[in-house]
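One-based numbering along the sequence shown.
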Amino acid sequence: MIEALLGFILVQTNPTELELESGQSEQIEVVAATMTGRIEGFELITRVIPEERGYFSGGIFVAGEPGLGIIIFEVRYKDQVGIKAVPVRVKDVQEGLSPKEAVLSVGDTLIFSVKQGTPEVWRVMPPWLGTIEDGVFVAENPGRGVVTLKTDAGFHKAKIVIEGPESEPGVLQPSEVVLFPGERVSFAVSSSAVLSVDPPDLGKAEKGRFIARRPGNGLIWATWEEGGKRKTAKSFVRVLPAIFLKPGESMELPLPGKAKRATVEVSGRGLTAEVASGTLILSATEKGYGTITLRRGEGKNRRVMPYIVAEKLVSIGPREVSLSVGMDFKPQAPEKGFTFTVVPPEAGWMEGDVFRAGDWRGEAWLIGVKANCESGGFVHLIIAPK
C-alpha cells in the first residue's frame with residue numbers, strides 16, 4: 001500500500017489506484033496515522049483532477065468521463081496535514097470485460113469476454129471464490145471479489161458476488177509488512193491455510209510465508225477451516241525498490257508497469273545489470289554498493305534503486321521514515337564502522353551520524369554499509385515541505 005506524508009500524518013488508501021468504466025463506482029478506504037499509531041476523527045478533504053473524471057462522496061468514487069486523472073485525499077488532524085494521491089483511469093463503456101458485474105450461486109458457470117486486447121492471464125481474487133479458465137468462471141464458494149484479465153492492451157476486471165453464507169473474517173499476522181525483493185515473511189496462521197498473492201507477480205506464497213519478487217504494493221490473502229467454518233484474512237504488503245545480494249548471487253525483476261524495454265545503468269561497484277525480454281537481470285560480482293538507474297521511454301520515466309552486495313542485510317533503523325525539509329533522522333548503526341550515503345545527494349546530508357533532510361520533495365534513500373561491505377542496510381526516506 002502506497003504511503004504519503006506531509007508533516008507527521010501517514011495516509012493510506014485501499015485500493016491504491018482505480019480503473020473503472022464511466023458510471024461505475026468503488027469504495028475507497030482512507031486510513032491515517034502518526035508515528036505513534038492510527039488516528040480517528042480526522043477531517044478529510046477530497047479533490048478530483050480533472051473534475052469531469054468523477055466525484056467522491058460518502059467514501060465512494062463514481063467514475064465520470066473517460067480519461068486519466070487523480071483523486072487528492074487531504075487529511076487534517078489538529079495542526080497536522082497528510083496528503084495522498086490516487087491515480088484514476090476511467091474507461092469508455094465499450095472497453096473491459098463483459099459482463100462487468102455478476103451475481104451467481106455456488107456451482108454456477110459464467111463466460112466472460114473481453115472487448116479489446118488479446119487475453120493472456122485470467123485470475124479470481126480472492127481465489128477461493130472459484131476457478132476461471134479461458135474466460136469460463138465456475139463459482140465455488142460464497143463471497144465477493146473480482147475477476148481480472150491481463151491482455152496485451154492492459155488489465156480489466158469485473159465484480160462478482162457468490163450468494164450464500166460468506167466466510168468469517170480472520171486475523172493474519174503481521175497485518176502489514178514492508179520487505180525488499182528476495183526477502184520473506186512468515187505469517188502466524190493455521191498450517192492448513194492457503195495463501196495467495198494479489199497481484200500474483202508481486203511474489204510467491206507457500207507454506208505460510210511470502211517471498212517478495214518485485215517492488216510494488218499488494219495483498220496476501222489467506223483462507224482456512226476453523227471449527228467447521230471457513231475463515232479469511234488479508235495482509236497489506238509493500239515491497240520497496242532496494243536490492244540486497246550476497247556475492248555470487250543473482251536476481252531477476254520484471255520491469256515496472258507495462259514496460260517491455262528499458263536502459264539500465266549501474267553507479268557503484270559489486271553489481272552488473274542488463275535488461276532482456278522485459279526483465280532486469282542483476283548479478284553480484286563482489287562486495288560493494290551503489291545505485292541502479294532504469295530509464296524507459298526516452299529517459300523521461302526513471303527509477304533509481306539502491307543496492308548493496310554484502311554478506312548480511314542488517315537494520316539501520318525503520319525501513320521507512322517520513323520527514324519534512326530540515327528535519328533530522330539518526331540511523332541506528334548496529335555496530336561501529338558504518339558509513340552512510342544519501343541517494344540522491346540533493347535529498348539531504350549527514351552531519352556526523354545524523355541525516356538532515358534538504359530542500360527536496362519526494363523519495364530518497366540512506367544506504368548504510370560497514371567497512372569492506374561485510375554488512376549493510378537501507379532506510380527509505382519520504383521528504384515533504386514543511
Side-chain angles (χ1 to χ4, degrees), residues 1-13 16 30-39 42 73-75 77-85 174-181 183 185 212 215-217 236-244 289-292 303-308 310 312-335 338-370 375-386:
M1 184 174 288
I2 296 175
E3 302 173 347
L5 183 82
L6 186 63
F8 292 93
I9 296 184
L10 186 70
V11 182
Q12 300 177 324
T13 66
T16 57
V30 181
V31 178
T34 64
M35 293 297 184
T36 59
R38 183 167 173 170
I39 58 176
F42 54 81
F73 292 94
E74 181 177 329
V75 170
Y77 183 75
K78 298 181 179 179
D79 59 345
Q80 303 169 42
V81 179
I83 292 177
K84 174 72 174 70
S175 59
E176 295 189 26
V177 62
V178 179
L179 302 171
F180 300 125
E183 283 196 301
V185 60
N217 311 289
F236 295 106
V237 176
R238 298 192 63 213
V239 184
L240 298 177
I243 306 301
F244 175 85
Y289 68 94
T291 59
I292 307 161
R303 166 176 279 183
V304 178
M305 297 183 289
Y307 74 86
I308 296 174
K312 184 170 62 173
L313 176 66
V314 296
S315 171
I316 58 173
R319 296 217 161 171
E320 193 164 57
V321 174
S322 299
L323 303 168
S324 295
V325 173
M327 287 183 62
D328 293 342
F329 164 71
K330 185 176 181 179
Q332 301 167 5
E335 51 190 316
F338 263 74
T339 59
F340 297 94
T341 301
V342 182
V343 178
E346 55 266 33
W349 60 93
M350 294 296 296
E351 294 183 354
D353 58 355
V354 175
F355 169 78
R356 174 161 292 179
D359 189 10
W360 171 265
R361 180 171 184 173
E363 296 180 293
W365 292 90
L366 270 182
I367 305 175
V369 295
K370 190 179 179 182
S375 59
F378 308 97
V379 175
H380 185 220
L381 306 170
I382 302 174
I383 303 175
K386 292 181 179 181

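Atom NZ of Lys78 is separated from atom CD1 of Ile39 by 9.0 Å, given to the nearest 0.5 angstrom. Of the inter-residue distances, the one linking Phe244 atom CZ with Tyr289 atom OH reads 15.0 Å to the nearest 0.5 angstrom. The structure places CG of Asp328 at 4.0 Å from CZ of Arg356, a figure rounded to the nearest 0.5 Å. Summarising the geometry, atom CD belonging to Glu320 is positioned 7.5 Å from atom CG belonging to Leu10; distances are rounded to the nearest 0.5 Å. In this structure, CD1 on Ile9 lies 11.5 Å from OG on Ser322, to the nearest 0.5 angstrom. Rounding to the nearest 0.5 Å places NE2 of His380 at 6.0 Å from CG of Leu240.
Residues passing the side-chain hydrogen bond (donor to acceptor under 3.5 Å, both in side chains) test with Asp359, sequence neighbours excluded: none. Applying the ring pair (Phe, Tyr, Trp, His ring centres under 6.0 Å) criterion to Tyr77, with sequence neighbours excluded, gives no partner residue. Evaluation of the salt bridge (charged side-chain N to carboxylate O under 4.0 Å, His left out) rule for Asp353 yields Lys330 as partners, not counting sequence neighbours. Remark: Phe42 engages no residue in a ring pair (Phe, Tyr, Trp, His ring centres under 6.0 Å) (not counting sequence neighbours). Every residue was checked against the salt bridge (charged side-chain N to carboxylate O under 4.0 Å, His left out) condition with Glu346, not counting sequence neighbours, and none meets it. Residues meeting the salt bridge (charged side-chain N to carboxylate O under 4.0 Å, His left out) test with Glu74, sequence neighbours left out: Arg76.
Counting heavy atoms from C-beta outward, Gln12 and Glu176 have side chains that approach closer than 4.5 Å. Annotation: side chain of Val342 is in contact with side chain of Leu366 (closest heavy-atom distance under 4.5 Å). Residues Pro334 and Lys370 fail the side-chain proximity criterion, which asks for heavy atoms closer than 4.5 Å. The closest side-chain heavy-atom distance from Phe329 to Val379 is below 4.5 Å. The side-chain heavy atoms of Thr339 and Val369, taken from C-beta on, include a pair separated by under 4.5 Å.
Ile383 and Trp360 get closest at one heavy-atom pair: CG2-O, 3.1 Å. Across all non-hydrogen atoms, the minimal contact from Ala357 to Ser324 is CB-O, 3.6 Å. Contact detail for Pro241 and Trp365: the closest heavy-atom pair is O-CZ2, 3.8 Å. The shortest non-hydrogen separation linking Gly368 to Ile316 is N-CD1, 3.8 Å. Residue Glu351 comes nearest to Trp349 through the heavy atom pair OE2-NE1, 2.8 Å, listed as atom of the first residue, atom of the second, then distance. Here the closest heavy-atom approach between residue Pro344 and residue Ala364 is recorded as CD-CB, 4.0 Å.
Shown here is Phe355, whose CZ atom has more than 12 heavy atoms of other residues, nucleotides or ligands within 6.0 Å.
Between Phe180 and the choices Val239, Ile243, Leu313, the side chain to side chain contact (heavy atoms under 4.5 Å, CB included) rule is met once, by Leu313.
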